[in-house]
Asks: 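Questions regarding the structure given below will be posed in turn.
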There are 2 protein chains.
Amino acid sequence: MKQVIKQHYEAGDDRRRQIASAARKLIAEKGFEGLRTREIADAVGINVATMHYHVPNKEALIVLIAESLGEELEADRAAMRRDGPPLELFEAELENYGQRLQKRPETMKVFSELMQRAGRDETIRRIMTPFADQWHNRFTEIFEQGIKTGDFRPGLNPVAAASITMGAAIHHRHKPKQEFAALKSELVNAFRKH
Amino acid sequence: MKQVIKQHYEAGDDRRRQIASAARKLIAEKGFEGLRTREIADAVGINVATMHYHVPNKEALIVLIAESLGEELEADRAAMRRDGPPLELFEAELENYGQRLQKRPETMKVFSELMQRAGRDETIRRIMTPFADQWHNRFTEIFEQGIKTGDFRPGLNPVAAASITMGAAIHHRHKPKQEFAALKSELVNAFRKH
DNA sequence: TGATCAATCAACCAATTGATTGATTTCCTG
DNA sequence: CAGGAAATCAATCAATTGGTTGATTGATCA
C-alpha cells in the first residue's frame with residue numbers, strides 16, 4: 001500500500017488543458033528558456049511521469065502550448081464584429097487588443113515568446129504564422145476598405161500600415177497600461193484622412 | 001610535455017572581444033536559450049576553462065555581450081548627423097536603421113533577445129534600457145522639433161509617435177529586406193503634415 | 001637568463017533536466 | 001462486481017551543462 005491518501009484522477013483532456021495553462025503561466029514568468037517540465041508538473045500538482053504520460057515530450061508540450069494559445073486567439077477573433085465603418089473597425093481591433101493586454105497580459109507575453117521561437121523552430125512556425133498572418137490580413141483588409149470609403153488617407157499602403165500597427169501594438173506590451181490610449185489615438189491619426 | 005603544437009597566446013582584452021563576438025553570433029542563430037559556454041569556446045577555438053578565465057561565469061558573459069552590443073549602437077549613434085530639417089533627420093534615422101538591418105542583421109536579433117531577457121533580468125535591464133530610451137528619446141526629440149518647424153502634423157504626440165516608429169522598426173526585423181522602403185515611406189506619411 | 005605572471009588546457013565535478021520503468025491505484029463498462 | 005483501461009507515482013537514468021582544479025606553456029622584464 002503506497003497510496004494512503006485518496007488521489008483524484010483527471011480525464012486526459014482536462015489534464016492536458018491544465019498542463020497547457022500551467023505551462024503558459026510559467027512561460028509568461030520566466031520565458032521559454034526558463035520552462036522546466038518539473039515546474040509544470042508541480043504547478044499542476046502531479047508527478048513528472050504523469051505529465052509525460054499526457055504530453056510525451058517537450059516538443060509535444062510546446063505544440064500543445066501553441067495550440068492552446070491559438071484557440072484563445074481564434075475565439076477572440078471570432079467574437080469581433082466585422083461590419084461597420086472601417087475606421088470604427090480599426091479602433092475596435094485596437095481597443096480589443098488593449099483590453100486583452102490589460103485583462104490577460106500573460107497571453108501576449110506567451111505570444112511573443114512563441115513568435116520569437118518560431119524564427120528558429122519549424123514546428124512552432126507552422127502553428128504560429130497563420131495567426132500572425134490572420135491578424136495582419138485583418139488590418140490590411142480594414143485599411144483597403146477604409147481607403148475606398150474615404151475613412152483612411154488615399155495613397156495609404158495597406159500592408160505597410162498593417163505592419164506598423166502590429167509592430168506598435170506588440171511593442172507596447174512592455175509599457176504601462178494607461179499609455180495605450182495615447183498610442184491608439186496616434187495610430188488612428190497616422191492613417192485616417194485629415 | 002603536454003603541448004607539442006605551439007599555441008598562440010592572445011591578450012586578455014582581445015580574447016574578451018573574440019568571446020563577445022562569438023557569443024553574439026550564437027545568440028543570433030539559436031537565441032538566448034540555446035547559448036552554451038562550450039559552443040562559444042569552440043567557436044573561438046579555446047578551451048572552456050580558458051573561456052572561464054576571461055569571463056568567470058555566464059552572468060558576466062551576458063553582461064559582456066550587452067556591453068559589446070551597447071558599444072556598437074553607441075558608435076553608430078555618435079556617427080549620425082544631428083542637424084537639418086526634422087523630417088530629413090527622421091528619414092535619416094530610419095534609413096540608418098534599414099542599413100544596419102541589411103548589413104548587420106545579427107545586431108538587431110541580439111538586441112531583441114537582450115531586450116526580451118531584460119524583462120526578467122535586472123542586470124541586463126540596467127544595461128539595455130538606456131539604449132532603448134536613448135533611441136526613443138531621439139525620435140521624440142525629432143518629432144518635437146518637427147512640430148515646431150511644421151514638418152510634422154500639429155497635435156502629433158511625440159512620445160506615442162516615437163513608440164510607433166520603434167515598434168514598427170523592431171517588428172520589421174523578421175521580414176524581407178525590400179519591404180523596408182515601403183515601411184519607411186509609410187511612417188513618414190503617418191506623421192508628416194499633409 | 002631566470003623568475004614571475006598571464007594564458008591555456010585536459011580532466012573532472014556537481015547540479016540540472018528531460019525522459020523512462022515498473023509497480024500501484026482509480027475509473028469505467030459489460 | 002470483475003477485469004481491463006486509464007491515470008498516477010516513486011525511483012532511477014543518461015545526457016547536458018556551468019563551472020573548477022591543478023598542472024603546463026608562453027610572454028615579459030629586470
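Numbered from 1 within each chain, the chains take letters A, B, ... in sequence-line order.
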Asks: Taking only the side-chain nitrogens and oxygens of A:T37, find out if one of them lies under 4.0 Å from OP1 or OP2 of C:dG18.
Replies: yes
Asks: Salt bridge check: are A:R126 and A:E122 linked by an N-O gap of less than 4.0 Å?
Replies: yes
Asks: Which whole-number value in Å describes the distance from A:D14 CG to D:dT8 P?
Replies: 10 Å
Asks: What's the CD-P distance between B:E33 and D:dT16, to the nearest Å?
Replies: 16 Å
Asks: Starting at CD of A:Q18 and ending at C1' of D:dT8, how long is that distance when rounded to a whole Å?
Replies: 13 Å
Asks: Check this for me, if you would: do B:E72 and B:R24 make a salt bridge, where the nitrogen-to-carboxylate-oxygen distance has to be below 4.0 angstrom?
Replies: yes
Asks: How many Å lie between CZ on B:R38 and P on C:dA10, as a whole number?
Replies: 13 Å
Asks: Just the rounded figure in Å: distance from C1' of D:dG19 to OH of B:Y53.
Replies: 17 Å
Asks: When you measure from every atom of DNA chain C, which of residues 39-51 of chain A have a heavy atom less than 4.0 Å away?
Replies: A:A49
Asks: Do B:E106 and B:K109 sit within salt-bridge range, that is, some charged N less than 4.0 Å from a carboxylate O?
Replies: no
Asks: Expressed in angstrom and rounded to an integer, what is the separation of B:L26 atom CG from D:dG18 atom P?
Replies: 12 Å
Asks: What is the separation between atom NE2 on A:H54 and atom C1' on D:dC9, rounded to the nearest whole Å?
Replies: 12 Å
Asks: Please determine whether salt bridge (charged side-chain N to carboxylate O under 4.0 Å, His left out) holds for the pair A:E33 and B:K58, giving the CA-CA distance in whole Å, both sets of side-chain angles, and the decisive distance to 0.1 Å.
Replies: CA-CA 14 Å; A:E33 84 188 89; B:K58 214 178 180 182; over 6 Å; no
Asks: So, OP1 or OP2 of C:dT8: does either fall under 4.0 Å of a side-chain N or O from B:R15?
Replies: yes
Asks: Run the ring-ring contact (aromatic ring centres under 6.0 Å, His included) check on B:F32 and A:F32 step by step: do they pass?
Replies: CA-CA 10 Å; B:F32 238 113; A:F32 238 112; over 10 Å; no
Asks: Just how far, in rounded Å, is P of C:dA7 from CD1 of B:I19?
Replies: 11 Å
Asks: With a 4.0 Å cut-off on N to O distance, would you call A:E95 and A:K184 a salt bridge?
Replies: yes
Asks: Within the modelled atom types, does a donor on one side and an acceptor on the other bring the side chain of B:R36 and the base of D:dG18 under 3.5 Å apart?
Replies: no
Asks: With a 4.0 Å cut-off on heavy atoms, is B:L61 in touch with a base, just the backbone sugar-phosphate, or nothing at all?
Replies: nothing
Asks: Output yes when A:R192 and A:E91 qualify as a salt bridge under the 4.0 Å nitrogen-oxygen rule, no when they do not.
Replies: no
